[in-house]
Amino acid sequence: MEKIVILTGAGISAESGLGTFRDEGGLWAQHRIEDVATPEGFARDPALVHRFYNARRVQAAKAKSNAAHAALARLQMDFPGEVVIVTQNVDSLHESGGAEHVIHMHGTLAGAFCPACSHRWASPPEMAVGEPCPACGAATARPDVVWFGEMPYHMDAIYDHLAEATLFAAIGTSGQVYPAAAFVHEALQSGARTVELNLEPSTGTSSFDEVILGPATETVPSWVDDLLSPR
Ligand code: OAD
């Protein structure tokens, strides 16, 4: 059976109005990674980190999924094989676009996490310093997102999927953050064909068998049309 494994990044949500990280004017031009996306930054100034993620939660709640998210949902529904979507994005736009079984390797804005007892719950729209964990009462609740220096979620399942992939696609990701940036090599080792869909060539573009450049809302629907058209 054919198995398509798709890795998405911030570029797939760019046309929904959510900023990417490394493009000109992206989030990392406005904030220091060390301050807002590391466990050390949270320990130093949790209020700043909560403000950063509260703002992103407000922005994400207003964003609507776009034609690229919808096309991947259609592929998942109609492809006569398995389609696994792995996203680095913390928004829920794949789900609002109709996708099922999305693997959020960097967590989600919709979740809160207690580092003291590992309890997870639905995040309120605004998180605040000192908010008690509903399970153990510890006042160290944080967004359920993966920060630099932390292990992304669901890695065993992702590597199992990559080992079985017949086609691997990376969509809207700059290929600068590991381990996601190395998925293409895992897929190649499994004998999968590899394709990149991005606005511009990513850092790892030479590892892909095929590169399709352009905005995701245009390239992804037509790539999906090709995959679904009878051969
Ligand atoms: P980046 O901001 O690094 O890369 C986004 C990519 O999307 C770039 O290569 C852009 O060229 C491309 N892009 C922009 N607009 C696009 C469009 N309309 N259509 C198609 N492509 C477009 O974002 P990620 O690769 O997702 O991690 O970043 C990976 C991780 O680094 C994130 O999950 C986050 C970040 O720091 C953490 O916070 C832990």
Side-chain angles (χ1 to χ4, degrees), residues 6-42 48-50 52-53 55-57 59-60 63-72 85-94 97 102-111 113 142-155 158 168-184 195-208 210-224:
I6 298 169
L7 170 71
T8 67
I12 197 167
S13 295
E15 291 163 86
S16 292
L18 298 181
T20 60
F21 297 96
R22 292 174 184 77
D23 293 307
E24 213 181 303
L27 278 170
W28 297 149
Q30 301 157 42
H31 304 271
R32 280 160 39 103
I33 290 183
E34 307 85 311
D35 290 341
V36 297
T38 63
E40 294 78 16
F42 186 63
L48 172 73
V49 176
H50 279 308
F52 175 73
Y53 286 98
R56 299 196 57 206
R57 225 176 267 112
Q59 201 190 22
K64 291 193 169 40
S65 59
N66 65 44
H69 299 106
L72 294 189
I85 299 174
V86 180
T87 189
Q88 299 166 90
N89 298 343
V90 292
D91 64 54
S92 306
L93 296 182
H94 280 300
V102 179
I103 299 177
H104 281 272
M105 64 178 289
H106 289 169
T108 77
L109 287 171
F113 174 67
R142 56 170 275 186
D144 192 12
V145 300
V146 174
W147 288 325
F148 286 90
E150 297 181 324
M151 178 61 83
Y153 297 154
H154 313 299
M155 291 309 295
I158 293 169
F168 171 77
I171 303 178
T173 177
S174 63
Q176 292 192 44
V177 176
Y178 286 82
F183 289 174
V184 61
V195 53
E196 162 164 289
L197 295 93
N198 210 42
L199 198 55
E200 57 196 29
S202 74
T203 306
T205 195
S206 59
S207 303
F208 290 86
E210 186 185 355
V211 177
I212 301 171
L213 299 180
T217 56
E218 292 172 19
T219 57
V220 178
S222 75
W223 176 70
V224 166

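Order of appearance sets the numbers: ligands from 1, and atoms from 1 within every ligand. Counting begins at 1 with the first residue of the sequence.
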(request) With sequence neighbours excluded, tell me which residues meet side-chain hydrogen bond (donor to acceptor under 3.5 Å, both in side chains) with T217. (result) E15
(request) Go through the structure and list residues passing salt bridge (charged side-chain N to carboxylate O under 4.0 Å, His left out) with E34, not counting sequence neighbours. (result) none
(message) I'd like the residue list for ligand 1, meaning every protein residue with a non-hydrogen atom under 4.0 Å from the ligand.
(response) G9, A10, G11, A14, E15, T20, F21, R22, D23, W28, Q88, H106, V146, F148, G172, T173, S174, V177, N198, L199, E200, G214, P215, A216
(message) To the closest 0.5 Å, what do you measure between NE2 (H154) and NE2 (H106)?
(response) 11.0 Å
(message) I want to check something: taking the side chain as every heavy atom from C-beta on, are I33 and F21 in contact at a cut-off of under 4.5 Å?
(response) no
(message) Once salt bridge (charged side-chain N to carboxylate O under 4.0 Å, His left out) is applied, do any residues pair with E40, and if so which ones, sequence neighbours excluded?
(response) none
(request) Using side chain to side chain contact (heavy atoms under 4.5 Å, CB included) as the criterion, point out the one residue from I85, N198, I212, L72 that pairs with I171. (result) L72
